[in-house]
Asks: 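Just dropping this structure here.
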Amino acid sequence: MRISELRRIDGWIWEVPRTGAMRVPGRIYADKRLIEDMEDTVLAQVKNVASLPGIVTASFAMPDAHSGYGFPIGGVAAFDPDTGVVSAGGVGFDIACGVRTLVSNLFADDLAGRVPALADALFSRIPAGVGSTGAVRLTAGELDAMLAGGAVWAVSRGFGEKADLDRIEERGRMDGARPEMVSEAAKARQKDQMGTLGAGNHYLEVQVVEEIFNDAAAGLYGLHPGQVAVAIHCGSRGLGHQIGTDYLKRMHDHAAKTGVSFPDRELAHAPIASDLGQRYLGAMRSGINAALANRQILTHMVREVFAEMFPGSRLALLYDVSHNTCKAETHMVDGVPRLLFVHRKGATRSLGPGHPDLPPGLAAAGQPVLVGGSMGTASFILSGTAAAETRAFASACHGAGRAMSRKQAARHFKPRTVLEDLEHMGVAVRAHDFRGLSEEAPGAYKNIEAVADAACRAELAAKTARVRPLACIKG
DNA sequence: ATGTAC
């Protein structure tokens, strides 16, 4: 992206001036280098989103932004409930894809020599890969209960602990889900897929806390140097994908009938205040619950593996946050609180200290903002800031962000070399799809340090801890 | 991301 097309507000805040069909300006939070390395399509997508009806304040891109389906991945946009739209492409196909981090009472020394065996045990226990099915099989009735109940449902069925729920966005259950708005095809795809990791950039990592940046916040999060943590990155599997597919088509069909045109085919949308918009929201919220339940079931399985290998070990849920959602939230606009529908596509919520939606144990530090790196590189545990509310409706980056497309990466990296490099770095990698390792090569992603630095300099979040991987399970 | 194409 050419920096000359932007207006610099400060070193980490850049404006895309309003031109053409844009209803609001664009705004990119990143440093000069990250912006220069972003594809031109990111700028085009920021502008396209800025032209959608009812958008409020600006169309935002986070420092990890790269080209996505319609919206950039790393895109944030909020819409007025009366005049605005909801976009199936703006949420994406992997509805409520997200990260949860579990903090153990083990330290790296406790794992000495046993990381490969732990990786093997997790690899054999956790189903993963495209089309994988899990040990949990749901009847039609149970599936609907899951879609309505999310992680609350999962806990009620014996997966995990009640205490986990406080540490999940929406307290483990997204309100307003309408399972009857989810197609039978989507349900059929999901009924045997609960408790599976998926593929692509999804992973399960055993990590060690490498550095603490903020003692007070890290203390509240229960993080100490050398401590072992587990991160689970996955989403709503086939169900979310099918909901996205179903409603993109409906949004196109509806637009064709009513003579509405889209700035980009991939930005198909419907008015929030329409029947179709409400149906999509009901289905999409069911997808959020599926992702929350899925990560809850996986947590239970990880705890079982740890309990067998390390008797007496505990894994407490630090936090679970989704990064592909559209949620109704109240934000300050021009000094007035307004209900808005916030799309976060590859972007993480970042609530500052004292926010009423935070559980009491986390309120003083702000929401854990879980920023997953690529295989082999560090991940960051940031904390939400009060300033994030004024930056991008309390949002921050969600990961390192791709620097290369999957196709480019597959051409550029040999899977064997990727695996050897990671083993050399001391990361035990176990992958269901050997060839897929190319697409996930660390070199295919941006520099996580640069992304986290930019996010924190732009005050989207604040640094609390950096963790590095010991073992990585891939789909 | 994904029963990697209907």
Asks: Looking at residues 124-143 of chain A, who's got a heavy atom less than 4.0 Å off DNA chain B?
Replies: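 The stretch gives A/Val130, A/Gly131 as the residues lying under 4.0 Å from the strand, ordered by number.
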Asks: In this structure, how many angstroms lie between the C1' atom of B/dC6 and the CG atom of A/Leu248, rounded?
Replies: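 Spelled out: CG on A/Leu248 to C1' on B/dC6 is 17 Å.
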Asks: Keeping to residues at least two apart or across chains, list the salt bridge (Lys or Arg N to Asp or Glu O under 4.0 Å) pairs with something in residues 62-80 of chain A.
Replies: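 Counting only pairs at least two positions apart or across chains, the salt bridge (Lys or Arg N to Asp or Glu O under 4.0 Å) contacts touching residues 62-80 of chain A are A/Asp80-A/Arg338.
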Asks: Could you state the atom-to-atom distance from NZ of A/Lys249 to P of B/dA5 in whole Å?
Replies: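 Atom-to-atom, A/Lys249 to B/dA5, this comes out as 20 Å.
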Asks: What is the separation between atom CD on A/Gln242 and atom C1' on B/dA5, rounded to the nearest whole Å?
Replies: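 Rounded to whole Å, this separation is 14 Å.
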Asks: Give one of base, sugar-phosphate or nothing for A/Gly92, where a contact means two heavy atoms less than 4.0 Å apart.
Replies: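 Result for A/Gly92 = nothing.
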Asks: Starting at OH of A/Tyr69 and ending at C1' of B/dT2, how long is that distance when rounded to a whole Å?
Replies: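 Value for this atom pair: 13 Å.
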Asks: Under the salt bridge (charged side-chain N to carboxylate O under 4.0 Å, His left out) test, which residues partner A/Lys474, sequence neighbours left out?
Replies: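 Here the qualifying residues are A/Glu440.
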Asks: So which pairs with a foot in residues 271-296 of chain A pass side-chain hydrogen bond (donor to acceptor under 3.5 Å, both in side chains), sequence neighbours left out?
Replies: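 Every side-chain hydrogen bond (donor to acceptor under 3.5 Å, both in side chains) pair that includes a residue of residues 271-296 of chain A, provided the two are not neighbours, is A/Arg100-A/Gln296, A/Asp164-A/Gln296, A/Asp275-A/Arg279, A/Arg295-A/Asp320, A/Arg295-A/Ser322.
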Asks: For A/Phe93, which residues count as a ring-ring contact (aromatic ring centres under 6.0 Å, His included) partner, sequence neighbours excluded?
Replies: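 Only A/Tyr69, A/His241 meet the ring-ring contact (aromatic ring centres under 6.0 Å, His included) criterion with A/Phe93.
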Asks: Under the ring-ring contact (aromatic ring centres under 6.0 Å, His included) criterion, do A/His398 and A/His233 qualify, and how do the steps go?
Replies: CA-CA 11 Å; A/His398 83 307; A/His233 176 212; 7.4 Å; no
Asks: To the nearest angstrom, how far is A/Asp246 atom CG from B/dT2 atom C1'?
Replies: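 So the CG-C1' distance, A/Asp246 to B/dT2, works out to 13 Å.
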Asks: Using whole Å, report how far NZ of A/Lys407 lies from P of B/dT2.
Replies: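 A/Lys407 atom NZ is separated from B/dT2 atom P by 19 Å.
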Asks: Is A/Gln193 touching bases, backbone alone, or none of the nucleic acid, heavy atoms closer than 4.0 Å?
Replies: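 Sugar-phosphate contact only.
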Asks: If a pair satisfies salt bridge (Lys or Arg N to Asp or Glu O under 4.0 Å) and one of its residues is in residues 132-141 of chain A, list it, with sequence neighbours excluded.
Replies: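 Every pair satisfying salt bridge (Lys or Arg N to Asp or Glu O under 4.0 Å) with a residue in residues 132-141 of chain A: A/Arg137-A/Asp192.
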Asks: Write down the distance between CZ (A/Phe434) and C1' (B/dT4), rounded to a whole number of angstrom.
Replies: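 After rounding, the gap between these two atoms is 19 Å.
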Asks: Without decimals, in angstroms, what is the distance between A/Phe93 CZ and B/dT4 C1'?
Replies: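 Roughly 13 Å, once rounded to whole Å.
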